[in-house]
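I have placed the structure first, in the form of C-alpha cells, so that the comments after it can refer back to it.
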Amino acid sequence: MKSFFAEKYKEHERRFNMIKKFVYGSPIDTGAVVMPVEQSQDPLQYLSEIEMNDKMIFNYAMENDDIVYGLGEANGGLNKRGAVYRSFCTDEPNQTEDKASFYGAHNFIVISGMINVGFFIDCASEVKFDIGYTASGMLNIEPSCPDFTIYVIEGKGAYDIVKQFRELIGRSYIAPLWAFGYQQSRWSYMNEDEIREVVKKHREAGIPLDAVYLDIDYMEDYKDFTVSEERFPDFPGFVNEMKEQGIRLVPIIDAGVKIEDGYEMYEEGRQYQLFCKKSDGTDFVAGVWPGKTHFPDFMNTGARMWFGSKYKSLIDSGIEGFWNDMNEPAMFYTEEGIAEAKEYVRSFDFDTNDPGKFFELKDKLMGLSNRQKDYESFYHNMDGRIVRHDQVHNLYGAYMTRAAADAFEQIAPDKRILLFSRASYIGSHRSGGIWTGDNQSWWSHLTMNIKMMPSLNMCGYIYSGADLGGFGCNCTRELLMRWLGFGIFTPLMRNHSAIGTRRQECYSLGNTEDFRSIISIRYSLIPYLYSEYMKACLNNDMLFKPLAFEYPSDNFARTVEDQLMVGESIMIAPIHEANAIGRYVYLPEDMLLVVFKSSSVRRYQIMKKGMHYITAAVNEVPLFIRRNKLLPLCRTSECTDKMDTSMFEIIAFTDDNIEYTMYEDDGISKNYDSPENYVSFEIKDVDGVLGAVSSKTIVKLSLF
Ligand code: MIG
C-alpha cells in the first residue's frame, strides 16, 4: 500500500514538472489557474518569440500532420488548423464559417504529432490564434497586451496534456442530477399559463421532461431579480406547483441593470458605486433589453457579493437553477455610438453619387452593437486597481458566473444549484457550465455542436450543450430529431429557440411518438451518462473524447471528427446530414452496434474494425459499445425524480471477465467522495457460462 502511494506521488511530481510557467509584463490574476506553479527560469521552449510595438508574437512551426486541438467554444472542427481565431467574448448570433469569435474565450491549445505540447495563454484581454491560416505550416499566437502568462505543458500525448491542464485549472463545476433530464425552453413563454401548457403537452404525449426555462419575459420590464406580478401572480406557489409535477423552472439573469428610479438594484448599485464607470467617474450606460442599463462591476469583490446575494430571493421562491445571459457584456448601442451614426446619416449626401459612402454608412449602422470603442470607454475597480474594460474583457462573464456560484455557497451550501453562463473564460468552469449561445437551425450547426463538445471538455466545461434544434431560424422535424439523437448524450439537453421562429417544442412538429421514444432513450442512459460525467469532473477527465485520445496509434482514427467516445464504454456516430438514411462509420476496433428505436426496442450487430455504412432511420439512434465494456440501462421515466435505479439491464460485448464501476449519489448534495457512491457491476465466467454479479439488481443481461 505504502509503495503504491509513493509511486502515485512520484507520478504526480513528474507530471507537474512538465508544466512550465512564463510571465510577461505584470498580468492581472485571472483566476484561471489553481495549482501553484513556479515561474520558470528556463528559456521558453517550442515557441519563438518576436517583440513588435510592445506586443509579443509567438510562432510555432507545425509538422504537416500535427493536429491542433483546443480553444473550447470556437468555430471550426476538432482540429483547429486552417483558420484565425480571435479570443474575445462576443455576442455572435450569426455563427457562419468566417466568424473568429464566439461567446467564450478559452486560450488552451494542444499540438499533437511527433511532438506533443500544450499552451495556455492566460490573458484577460484579446488573444489571436492564427493556426495555419496565413502560412499553412505556421501557428501564430498574438496576445493583444504585454501582460499575460504562458503555461507550456509537455506530455506523453494530447490526452495526457489535457489531463495535466485540467489539474492545473481545478475541478469542474458539478451540476445536480435533475439537470440531466430533458429541458424545454423558448424565448417568448409569457406567463404561468403558457408554461403550464408546455408541461401539460409533454406529459400528455408521454415525452419525459425535467425543466422549463424562464426567458426574459418573466421579469418586470427586464429588471434583474424581479418577477412580473401580472404574469406570475403567485411565483413561489407556481414554482411549487411545477415541482410537484417533477418540473424545475430555470430563470434567466442578464448582466445589465435597468436604470430606473426606485428600482432596488439600480439604487443600491449607484449608491455603493458598484457599476462600471466612465473616465469622468459617472456610471457607464449602454442600451440592452431593459433600455438604458448600467453594468455591475463584476471585477470588484464587493459588487460580486452584492449581485450574488440577489439570487437569494429567487432561491427562496423555490428556484434551483439559473442561466446567466448577455455577459460578454452584450451591448446593443451607446449614446456615443448613436451620436456618431447620426452624424454619418446627417452628412450623407445623396447627390454625391458615391456608393462607397453608402456602404460606409451601412457599416456604421450595422456596427452599433458591441463596439470596440465602447469597450474601451469604461472602467472596472478591481479592488483598488482601475482597469479599462477591454483589458479584462474576457473575464467579465466569468466573474458574473463566479458572483453567482460564490453566493450559492453562502445561500445553499449543501445543495447543488444548476448554473450556466453564455460568456466564459477558463476558470469559470469551476463555477458553472456553459451553453454555446445563439446557433441556428442549420445542419452545419448540429455538426459544429458534435465537434465542439470534446474541445469544451478539454477546457474544463463538462456541463455544457448547445440549443438543440437551433436557436435562430426555423427548425424542421427531421433536424430536431437528428439533433436530439446527438443531444441525448450531452449533459445539458435543452431545446431552445428564439421568439419569432417556428415553434420547436417536440409536440409542435407533428406526431409526438418518435420524440417520446428518442427522449426516453436519454432517460435510460442517465445513470451511465451521469456516472461518466461525475467521473470526468472528479478526475479532471473528459466525457467526450476524440477517437484519437483512445486510439492514439490509429492513424485513421486521428482524422475522424464526427464520431466521439462518450465515457469509457461507448462511441457515438451521430447522423448530421439532411435526408440521410445512415452514414459511414469508422470502427477503430471491433464493436457492438446498438440501434435504439426507443429505450427498449433495439437491434444489435457485432461489427469488425474498419469502415462501415450503417443505417438508422430518423427516429433511431445508433451507438457502439466497445469490446469488454458494458453499458447499464435503467427503465425510462417521465422525469429524473421518478428515475428507478434499483434495476438495470446490462448490454455488453465481451469475451472476458469485465467490470464497470458506476458512480451514483443522491444527485443534489455535495458528498462526492463517499466510497458508497461507487457501485460495481461484474461479468464473470461462471462454470464456462458468462454470468453477472453486482451489488445492484440486474434485470436482464444481454451479452454479445
Ligand atoms: O438578445 O433572452 O443567447 O438564449 O433566448 C438576445 C433572450 C438575448 C440571448 C440568448 C438567448 C435568449 C435571448 N438572449
Side-chain angles (χ1 to χ4, degrees), residues 73 89-95 99 101-104 183-191 194-195 198 211-228 231 249-258 286-293 295 314 321-334 366 368-371 374 396-397 400-401 418-424 432-442 445 448-449 452 461 464-475 483 487 490 492-505:
E73 188 186 336
C89 297
T90 302
D91 177 8
E92 180 52 82
N94 197 15
Q95 304 185 345
K99 294 295 157 59
S101 308
F102 288 171
Y103 301 89
Q183 316 190 47
Q184 180 60 49
S185 183
R186 179 173 171 87
W187 173 14
S188 72
Y189 295 151
M190 296 306 290
N191 53 41
E194 279 192 40
I195 291 161
V198 171
V212 178
Y213 280 67
L214 302 178
D215 207 318
I216 47 176
D217 303 300
Y218 80 91
M219 292 181 266
E220 184 192 303
D221 297 331
Y222 307 129
K223 281 184 285 186
D224 273 344
F225 306 111
T226 66
V227 176
S228 161
R231 285 170 282 127
L249 297 177
V250 184
I252 196 169
I253 305 292
D254 280 0
V257 168
K258 183 175 174 67
V288 206
W289 286 112
K292 287 203 279 178
T293 61
F295 288 129
L314 289 164
F322 300 89
W323 48 315
N324 283 347
D325 191 19
M326 306 298 278
N327 49 6
E328 294 70 29
M331 290 186 247
F332 297 159
Y333 55 87
T334 58
M366 299 294 282
L368 276 174
S369 301
N370 311 317
R371 291 194 321 156
D374 289 327
Y396 190 76
M400 178 186 184
T401 311
L418 173 63
L419 175 64
F420 58 90
S421 170
R422 196 171 71 174
S424 58
I434 52 176
W435 94 99
T436 57
D438 298 350
N439 57 4
Q440 309 276 342
S441 298
W442 296 340
H445 279 183
M448 185 164 79
N449 184 190
M452 198 190 280
Y461 296 95
S464 55
D467 290 350
L468 303 177
F471 175 74
C473 297
N474 297 326
C475 190
W483 212 320
T490 60
L492 168 61
M493 184 193 182
R494 184 180 75 143
N495 176 340
H496 180 49
S497 56
I499 188 168
T501 59
R502 180 182 187 181
R503 303 249 358 174
Q504 183 172 301
E505 296 88 358

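Being a predicted model, the structure only gives us computed values, none of them experimental. Start at 1 and go down the list; that is how both ligands and their atoms are numbered.
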Trace of the ring-ring contact (aromatic ring centres under 6.0 Å, His included) decision for W289 with F332: CA-CA 8 Å; W289 286 112; F332 297 159; 5.1 Å; yes
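- Counting heavy atoms only, D215 comes closest to atom 5 (O) of ligand 1 of the residues D215, I216, D467, D325.
- Counting the atoms of ligand 1 from 1 in the order shown, those under 4.0 Å from a heavy atom of H496 are 4 (O), 5 (O), 11 (C), 12 (C).
- Backbone and side-chain nitrogen or oxygen atoms of R422 are examined, and one is located within less than 3.5 angstrom of a nitrogen or oxygen of ligand 1.
- Using cut-offs of 30° and 60° on the angle between ring planes, the pair W323 and H496 is perpendicular.
- Exactly one residue among R186, E505, Q184 makes a side-chain hydrogen bond (donor to acceptor under 3.5 Å, both in side chains) with S497. That residue is R186.
- At a heavy-atom cutoff of 4.0 Å, ligand 1 is contacted by no atom of Y222, backbone or side chain.
- Closest heavy-atom approach to atom 3 (O) of ligand 1 among the candidates D438, T436, I499: D438.
- At least one heavy atom of M326 sits less than 4.0 Å from an atom of ligand 1.
- Panel note: side chain R502, backbone C475; a donor-acceptor pair is recorded below 3.5 Å.
- With R231 contributing its side chain and M219 its backbone, the two residues share a donor-acceptor pair below 3.5 Å.
- Less than 4.0 angstrom separates some heavy atom of I252 from each of these atoms of ligand 1: 2 (O).
- Atoms of ligand 1 lying under 4.0 Å from any heavy atom of W435, numbered from 1 in the order shown and given with element: 3 (O), 4 (O), 10 (C).
- Taking atom 8 (C) of ligand 1 as the reference point, the nearest protein heavy-atom neighbour is W289 NE1, 3.3 Å.
- For K99, the NZ atom sits in a packed shell: over 12 heavy atoms of surrounding residues, nucleotides or ligands are nearer than 6.0 Å.
- A salt bridge between D467 and R494 is present, with a side-chain N of the basic residue lying under 4.0 Å from a carboxylate O of the acidic one.
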